[in-house]
J.: 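Sharing a structure below in structure tokens format, with a few things to ask.
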Amino acid sequence: MTARTGGSGALVAAALMVAAAVLNAADAVIVRLLAGEVHPLMIGFTRAAFGLAVVLPWILMRVDLAASPYRWLHVLRAGLKLASLVAFFVAFAHAPLSDVVAINFTMPIFLTLGAWMVLGESMTLSKLLAVVAGFAGMLIVIRPGAGAMNPALAFAMAGAVLTAVIQLMLKRMARHDSTDRLVAWNLLTMAPLGLLAALFVWETPTPPQLSLLALQGVLGALNMTLLTRAFALAEASFLAPLDFLRLPAVAALAFVFFGEVAGASTWIGAAVIFGATLLAAGGAHYNRRRMPPDGT
């Protein structure tokens, strides 16, 4: 291991990744609990608003927002981030939680394709094999020929594609902007955009619903903080395998709260997808350390 991934720093980073996996699973459970009662656009707005409230003091004290050269790109990125969140919220509300998380693992595969098609990066044999394996794993999870395909999983795929587009934007923006400003601008712009979208479906949440929405916003902000800190302490190559912990975490909570049992196809497909993402990452040369984690 490199010095950056050795010693206590690696242990702390690993612990942060485990905590983030649990928070990510709790987020999915909250969305399912609110399904049918609160519109996904409302959930998107409240998550952004409550998350912003948590980190606003840090933004005001630590971040020089005016120094960013990407004002309108930040707005576009926040809009895409809001759309990706809403897509995943729809999927979490109507599809097995474990299947949605498994499909979410395909984001690096779409990122590899986008880097090749949009940024002109080379498509090596290992990357090509990773893309093919990633799509094969996705088909195992979706089971299109078994008569069991859930249409809501299409929203999970859309969320993964949108997240990959956001990462492509971050890849360019991180060259001339700091991680703190990228995170701060995203939070500051996503809340008003979420409000504009939520106004079309607005229904004032009940106190119990508002409590869950507030909890989700706080968990979302904390999850981002944990991931950002973890990637500051250790290399992405060391942390990437730990991302798979999101699946057993959400599978456990889905069983406890809803009696869902992840089938063999979910675990097999997720393993294939995750192996493919590791293969793709092995041939990638972009710097994950300077880019804030932007997953769901």
Side-chain angles (χ1 to χ4, degrees), residues 12-38 40 43-44 46-48 50-51 54 81 84-108 137-138 141-142 150 152-153 155-157 159-160 162-163 208-209 211-231 239-271 273-274 277 292-296:
V12 172
L16 292 175
M17 290 294 289
V18 173
V22 175
L23 292 183
N24 188 273
D27 191 342
V29 168
I30 291 174
V31 173
R32 173 65 65 78
L33 290 173
L34 293 169
E37 300 179 359
V38 181
I43 300 177
T46 54
R47 177 185 171 122
F50 284 115
V54 172
K81 177 63 176 179
S84 70
L85 284 176
V86 171
F88 279 117
F89 292 162
V90 173
F92 281 134
H94 301 290
L97 301 185
S98 299
D99 286 358
V100 177
V101 171
I103 295 299
N104 190 15
F105 288 147
T106 61
M107 185 280 293
M138 185 167 60
V141 175
I142 295 174
N150 191 318
L153 290 178
F155 285 91
M157 284 186 281
L162 288 171
T163 304
Q209 292 169 352
S211 298
L212 285 175
L213 291 168
L215 176 60
Q216 188 200 29
V218 173
L219 292 181
L222 181 57
N223 183 55
M224 177 65 73
T225 302
L226 294 176
L227 288 174
T228 301
R229 181 60 179 159
F231 278 87
L239 296 175
L242 297 175
D243 190 45
F244 192 75
L245 293 173
R246 284 190 291 151
L247 183 58
V250 79
L253 290 186
F255 176 75
V256 170
F257 282 89
F258 311 112
E260 287 185 5
V261 178
S265 60
T266 300
W267 293 103
I268 295 172
I273 293 170
F274 200 74
T277 64
D294 210 66
T296 301

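Fair warning: this is a prediction, and the values are worked out from it, not measured in the lab.
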J.: Distance from Phe155 atom CZ to Ser84 atom OG, nearest 0.5 Å?
T.: 13.5 Å
J.: Rounded to the nearest 0.5 Å, what's the gap from CD on Gln216 to OG1 on Thr46? Could you check?
T.: 6.0 Å
J.: Considering non-hydrogen atoms only, spot the tightest contact between Leu247 and Ala270 and give its length.
T.: CD2-CB, 3.4 Å
J.: Is Ile43 close to Ile30 at the side-chain level, that is, under 4.5 Å between some pair of heavy atoms?
T.: no
J.: Show me the pairs that pass salt bridge (Lys or Arg N to Asp or Glu O under 4.0 Å) and involve residues 211-226, at least two apart or across chains.
T.: none
J.: Quick check: closest heavy atoms across Val100 and Ala95, and the distance to 0.1 Å?
T.: CG2-CB, 3.9 Å
J.: Side-chain contact test, heavy atoms from C-beta onward, threshold under 4.5 Å: evaluate it for Leu245 versus Met17 and give yes or no.
T.: no
J.: Going from CZ on Phe92 to CG on Asn104, what distance comes out if it is rounded to the nearest 0.5 angstrom?
T.: 6.5 Å
J.: Please work out whether the ring planes of Phe105 and Phe244 are parallel, tilted or perpendicular, with thresholds of 30° and 60°.
T.: parallel
J.: Do side-chain atoms of Glu37 reach the backbone of Gln209 as a donor and acceptor pair under 3.5 angstrom?
T.: no
J.: Centre of Phe257's six-membered ring, under 6.0 Å away, within 45 degrees of the axis: is that where NZ or CZ of Arg32 sits?
T.: no
J.: Compare every heavy atom of Thr106 with every heavy atom of Ala160, then report the nearest pair and how far apart it is.
T.: CB-OG1, 3.6 Å
J.: Provide the closest heavy-atom pair for Phe50 versus Gly217 in the form atom of the first, atom of the second, distance.
T.: CB-CA, 3.9 Å
J.: Got a donor-acceptor contact below 3.5 angstrom from the Asn150 side chain to the His94 backbone?
T.: yes
J.: Residues in side-chain contact (heavy atoms from CB on, under 4.5 Å) with Val22, at least two apart?
T.: none
J.: State which residues pass side-chain contact (heavy atoms from CB on, under 4.5 Å) with Leu23; sequence neighbours excluded, sorted by chain then number.
T.: Leu219, Leu222, Asn223, Leu226
J.: Inspect the surroundings of CZ in Phe258 and state if more than 12 heavy atoms from other residues, nucleotides or ligands are less than 6.0 Å away.
T.: yes
J.: Could you please spell out the steps behind the side chain to side chain contact (heavy atoms under 4.5 Å, CB included) verdict for Phe274 and Asp243?
T.: CA-CA 9 Å; Phe274 200 74; Asp243 190 45; 4.1 Å; yes
J.: Could you give the distance from CG (Asn24) to CG (Leu227), rounded to the nearest 0.5 Å?
T.: 8.0 Å
J.: Atom CD1 in Ile273, atom OG1 in Thr266: separation rounded to 0.5 Å?
T.: 9.5 Å
J.: Calculate, to the nearest 0.5 Å, the distance between atoms CG and CZ belonging to Asp27 and Arg246 respectively.
T.: 11.0 Å
